[in-house]
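Since the model is a prediction, treat every value here as computed from it, not as a measurement. Side chains included, hydrogens not; waters and symmetry mates left out as well; all remaining heavy atoms used.
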Amino acid sequence: MNLPATEIRPYDPAAIEPKWQARWNDTRAHEVRDDLPREQCYYVLEMFPYPSGKLHMGHVRNYSIGDAVARYKRMRGFHVLHPMGWDSFGLPAEQAAIERGAHPKKWTYDNIAYMRSQLKRMGFSYAWSREFACSDPGYSAREQDIFLDLVEKGLVYRKSSMVNWSTGLNTVLANEQVIDGKCWRTGMPVIQKELPQWCVRITHYAQELLTATYDLPGWPDAVLVQQRNWIGKSEGAEIDFPVDGHPGEKLTVFTTRPDTLFGVTFMSIAPEHAALERIVPASHRAAVDAFRAEVKKVTTHDRMGENAEKKGCFSGAHVINPANGDKVPLWLANFVVADYGTGAVMAVPAHDTRDFEFARAYGIAVKQVIIDDAKGVDGKPQSALDEAFIEVGTLVASSQFDGQRSDSAKSAITQWLAARGVARATTTWRLRDWGISRQRYWGNPIPFVYGERSGAVPLRKQDLPVTLPDDVAFDGVGNPLEKHPSWATTGNDGKPLTVRTAQGPEAARRETDTMDTFMESSWYFARFTCADAAKPLDRARVDHWLPVDLYIGGIEHAVLHLLYARFFQKALCDVGYSSRREPFKRLLCQGMVTMETYSRPGEGGKPVWFYPDEVEVEKDPKGKVVSAKSKADRRDVVVGRVEKMSKSKRNTVDPQLLIDRYGADTARLFVLFAAPPERDLEWNEDGVIGQHRFLKRLWTLVQEQKQRLAAVAPYAGAAKDVAGADQAVVRKIHATIKRATDAMEKDFSFNTTIAACMELSNELKPEALSPPVLKQGLNTLVRLLAPMVPHICHELWEDLGGSIGISAASGPSGGDLTAAGWPSYDETQIQTDDVDYPVQMQGKVRARISLPRALTGPALDAAVLAHPDVVAVIGDRPVRKLIVVHGKIVNLVLG
RNA sequence: GCCCGGGUGGCGAAAUGGCAAACGCGCUCGACUUAAAAUCGAGUCCUCGUAAGGGGUUGCGGGUUCGAGUCCCGCUCUGGGCACCA
């Protein structure tokens, strides 16, 4: 009894989506209290965005995943904390100021306003009352408080050191921000420069950061492994080598292979090493100075990158091997890193690949002291090595250690030297302290001042916050704060800035560097638990909500943000703000949204990028782009590789177009359906139409049936009490709920959840079903889809009378969809009475037989063998083996 | 070089060791329409065959198993991370 098409309300997302968004907003539907039992609470968080202008596809994917989880958990009866904010300090704001004169603050907050409206238009269920931006005084000022707490705890120090200097940004970068020797933002070269820096002592937590990675079962292994590699613990020994002809002078090396000590034939040392001043003889001074100058000229990448040439220079000095008294030459080497280990390395060409190459190049002796066990131990070294032997073996030519295996000899040799006071067992870390000084305006000021005579002094908490001046000029060179006429020298009271000393007030100048923006993202998840607190953090609420139950974001943050955040949380504990030492219990790393890039070489080799809609592409039959032309001038552009969508490379697709055309629900459904969350998603929106059709079909079906179903109670009985299509659909309903629930609980495979819902939808044929079963089917679909496509589901739930049907798994009952809850299923309702067993022989299905599910064991075996179709397959051959897997399959092995 | 992923139709992808290709896109045919769009129905891995039906197929080569896309060994291609780190 379908109604005439003209009377059916068409599916109009532009009408129903704003309607529900307004209702959620007006009823503060997604706010949450902080005082409910923790086991009933759930904290789900997506990495907050940098307000770059507008949402991109990666955001839409990230937040659609998070919102589906948040809404699902609410339907399961949890009190869900699902907040959103803005990582709003950062370089692009300043670039905008330089390029088009927009003030960073205005540019940033305009972007936030627009992006907030986009998030609301997507219908994401955030607790908006907790929203903040990192550049808000309420956040940045409290971060300054925390900074002073860290200072007091000894976790911040000032150090002059070689830093990564971005020639593009005129600022310092952390190691993590240097990619292939280039700036991670601009791609411009990074050089080494000596500069005073504020450093945060992340290395203090190196061991804990490492150990705890073995106790984070909710994190993907790939991320944990990356963090372990980054922390880079290596155990070995420091060994002192006296310098020949300089009594009292020694050079200390760090090695992980003390077992090879008797094979040392030279020592290599970093060109920057301070001891060189004292020990290089006059005869070699000029050569050494020339070498050092040459090394200093090139960038770290050119000096030590994968294609860098190994270069060395003999220092003229010799050192004495403490194990055997050998006098070996000291070489400067460009590949020795000054700030790892001790900046000097004992070189064993026979047992180290790099030393071997260096020895070959400079004609230095190779002395073998470890013999490959596999080649037989005859107590003599092989005549000549053609490559370094770096495996475990047996020691030779090593005095009293001859015959020991190299793994046990490590500690034996270390102890022997330690007893003489010339070596110590040591652990060295790859992880360095985090330099946070940035020569930039749009960041959080570092709350220090420099007294004229007394040097760096932290501000007192009552003198905080340090606020940025608004009247600054941007010309793209250096730090605008430094060039401001008065800011650095004026106190909060407007008077000249001073520090107190025993001798009275002393004129002072503010630190003009600002903090690395990774500082802000290192504790925002904690601030969301108590965004209204007067203190930086309210310990009770932080401990109530942390650790975040599920944190969702891009895999590209595996070592940057995710390591800093773990460190910061530990530091916050140690200054008293929390007792939860790990911030994120479970981590879901969504794959990147990728797309081809289009470019042309521009001035100075810097490419000029094109947006996808500025080019016309030609595809091969597989859909791969083979060539492209600019629409503007009809000339070819270079089709680059498929990579992460990013504004700088312009390979972005604006999600707003999708929303405007199909609505937020379709956009959400599509990004969830296109691939499982952790897989990279090469953008192609050909499939969007399928998701839109599905929603439209569901909509139309409900509109057509709602009057017929108005007074009908959904079927709530067992499958066996109905027949035919009804019975099949009841089973399907339970099976679908099971699949959807498993996906939500186990692996967030929304793509298969959606597929399961489509299958159920395809079976809901009104003319074949009784009204109660049809209503149960529609109710179930609406509830299962609600976390992913909330607007249409709320609307349809109303159309269906808001009734409940299958009992809610948990949570209160009522007419509201969220309160109605997630449907539960009954495993026994899924199974049919008979099982269709495929009968397999030699890997091929030869027959299909139907037998009662109740049959098991020997009775089932007998029934299989007696079945006429099986008898026919067997023929007159003997049955060597019969495997019957109950409920699954039959396999015959014939003679 | 080392450490992680991944390789399944024309495409996005499914598949607790148990009937490979569910679901969707695209495509073909049909219905509705003056027509188009929208919508609905049927078909769509390859191959032999008019058909019924047969054979083959998850990057390559081996192995374990009654049974392998799935587990093990070796290779290969590919994406990502780390890297003269002593």
For this session: Output, in order, the C-alpha distance, side-chain angles, deciding distance and verdict of side-chain contact (heavy atoms from CB on, under 4.5 Å) for Glu682(A) and Met592(A).
Result: CA-CA 8 Å; Glu682(A) 195 175 327; Met592(A) 298 179 293; over 6 Å; no

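- Shown here, G43(B) is classed anti by the O4'-C1'-N9-C4 or O4'-C1'-N1-C2 angle, which is more than 90° from 0.
- Contact between the side-chain N/O atoms of Arg846(A) and the OP1/OP2 oxygens of G53(B) is not found at any separation under 4.0 Å.
- Residue Asn762(A) is in sugar-phosphate contact alone, with no base atom involved, counting any heavy-atom pair closer than 4.0 Å across all strands shown.
- U70(B) is unpaired under the Watson-Crick or G-U wobble criterion, no partner having all donor-acceptor distances under 3.5 Å.
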For this session: Could you encode protein contacts along nucleotides 63-72 of chain B as a string, one character per nucleotide from 5' to 3', using B for base contact, S for sugar-phosphate-only contact and - for no contact, with a heavy-atom cut-off of under 4.0 Å?
Result: ---BS-----

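- At a threshold of 4.0 angstrom between heavy atoms, the contacts of Leu882(A) with the nucleic acid are absent.
- Pairing for G49(B) is absent, with no Watson-Crick or G-U wobble pair whose two atom distances lie under 3.5 Å.
- In this entry the distance linking CG of Leu560(A) with C1' of G81(B) reads 12 Å, nearest Å.
- Geometrically, Arg697(A) does not engage Tyr11(A) in a cation-pi contact defined by less than 6.0 Å to the ring centre and at most 45° from the axis.
- Atom CD1 in Ile555(A) sits about 14 Å away from atom P in C4(B), given to the nearest Å.
- Closest to the Ala674(A) side chain, of the nucleotides G12(B), A14(B), C85(B), is G12(B).
- Contact check of residues 254-267 of chain A against RNA chain B (heavy atom, cut-off under 4.0 Å) returns Phe254(A), Thr255(A), Thr256(A).
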